[in-house]
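For the single chain, residues carry numbers from 1 onward in sequence order.
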Amino acid sequence: MDDRMEAGAELPETEASATNSATGDRGQAFAELVHRLLTGSDRTDIEATARAMGMPYHTFYNRLRNTTPFSADEIRRLLAVMPDARLLHFLLEGTPFVPAERIETIAPSEDIDIQRGAERIAIEAADVLRATYQALVDQRIDHRDARVIRDEIDIAERALASLRQHLDMLLMQGAFSRPE
């Protein structure tokens with residue numbers, strides 16, 4: 001029997017990757033996501049990311065290949081160096097949580113920060129509506145349209161969670177207490 005395959009034929013899935021997907025090896029999938037984000041489009045290179053994380057290149061490369069899984073501290077440093085929401089969405093998938101971005105204030109004005117946060121929510125919700133409208137132009141939503149709509153929903157959820165987190169922080173600081 002000849003084991004060679006025709007050019008362009010699909011390669012069979014290897015046992016290891018079948019095991020990873022069947023058992024839900026999230027560590028391997030996370031490492032693959034990080035590698036894909038680092039090597040795709042106009043992302044920074046692997047060596048620069050390792051350096052920014054304070055990690056030797058070969059150690060970081062072992063994490064990307066899942067030879068050694070990322071530790072919680074390393075994931076935290078990775079998110080600081082590479083603040084990509086897709087990483088957080090991956091980590092929080094299947095939980096009741098959504099990522100929230102901290103609202104950075106330039107001047108201490110709670111009212112302006114809250115107004116800007118609320119405006120951002122309206123803009124992001126409008127983007128969900130726009131994506132849905134564009135998807136329905138041909139009277140149907142395919143898997144690519146659904147992905148775009150879902151991405152826009154993820155962004156809108158982050159905007160909502162960010163404003164909620166900012167309001168909670170201000171409440172904890174007593175920003176809304178009225179002098180008697």
Going by the side chain to side chain donor-acceptor pair (under 3.5 Å) test, which pairs reach into residues 52-62, not counting sequence neighbours? Tyr61-Arg65
Over all heavy atoms of both residues, which pair between [X] and [Y] is shortest? Give the atoms and the distance, please.
X	Y	result
Leu92	Pro99	CD1-N, 3.6 Å
Ser71	Glu74	N-OE1, 2.9 Å
Val128	Ala156	CG2-CB, 4.2 Å
Glu124	Ile155	OE1-CG2, 3.1 Å

Lys/Arg-Asp/Glu bridge criterion (N-O < 4.0 Å) met for [X], [Y]:
X	Y	result
Asp151	Arg147	yes
Arg130	Asp127	yes
Arg51	Glu47	yes

Just wondering, do Val148 and Arg144 contact through their side chains at under 4.5 Å, heavy atoms? no
Any heavy-atom pair between the side chains of Glu32 and Asn66 that's under 4.5 Å? no
Gap separating the [atom1] atom of [X] from the [atom2] atom of [Y], nearest 0.5 angstrom:
X	Y	atom1	atom2	value
Leu160	Ile153	CG	CD1	11.5 Å
Gln134	Glu152	CD	CD	9.0 Å
Leu38	Leu78	CG	CG	7.0 Å
Leu170	Gln165	CG	CD	9.0 Å
Arg116	Ile121	CZ	CD1	14.5 Å
Arg77	Phe60	CZ	CZ	10.5 Å

What's the verdict on side chain to side chain contact (heavy atoms under 4.5 Å, CB included) for Met53 and Thr49, showing C-alpha distance, side-chain angles and the deciding distance? CA-CA 6 Å; Met53 288 178 63; Thr49 303; 4.2 Å; yes
Would you say Ile149 and Leu136 are hydrophobically clustered, going by side-chain heavy atoms of ILVMFWY under 4.5 Å? yes
Within one Ile-Leu-Val-Met-Phe-Trp-Tyr cluster: Leu91 and Phe97, side-chain cutoff 4.5 Å: no
So, applying side chain to side chain contact (heavy atoms under 4.5 Å, CB included) with Arg63, which one of Thr68, Ile75, Val34 is it? Thr68
Can the positive tip of Arg26 be found less than 6.0 Å from the middle of the six-membered ring of Phe90, inside 45° of the ring normal? yes
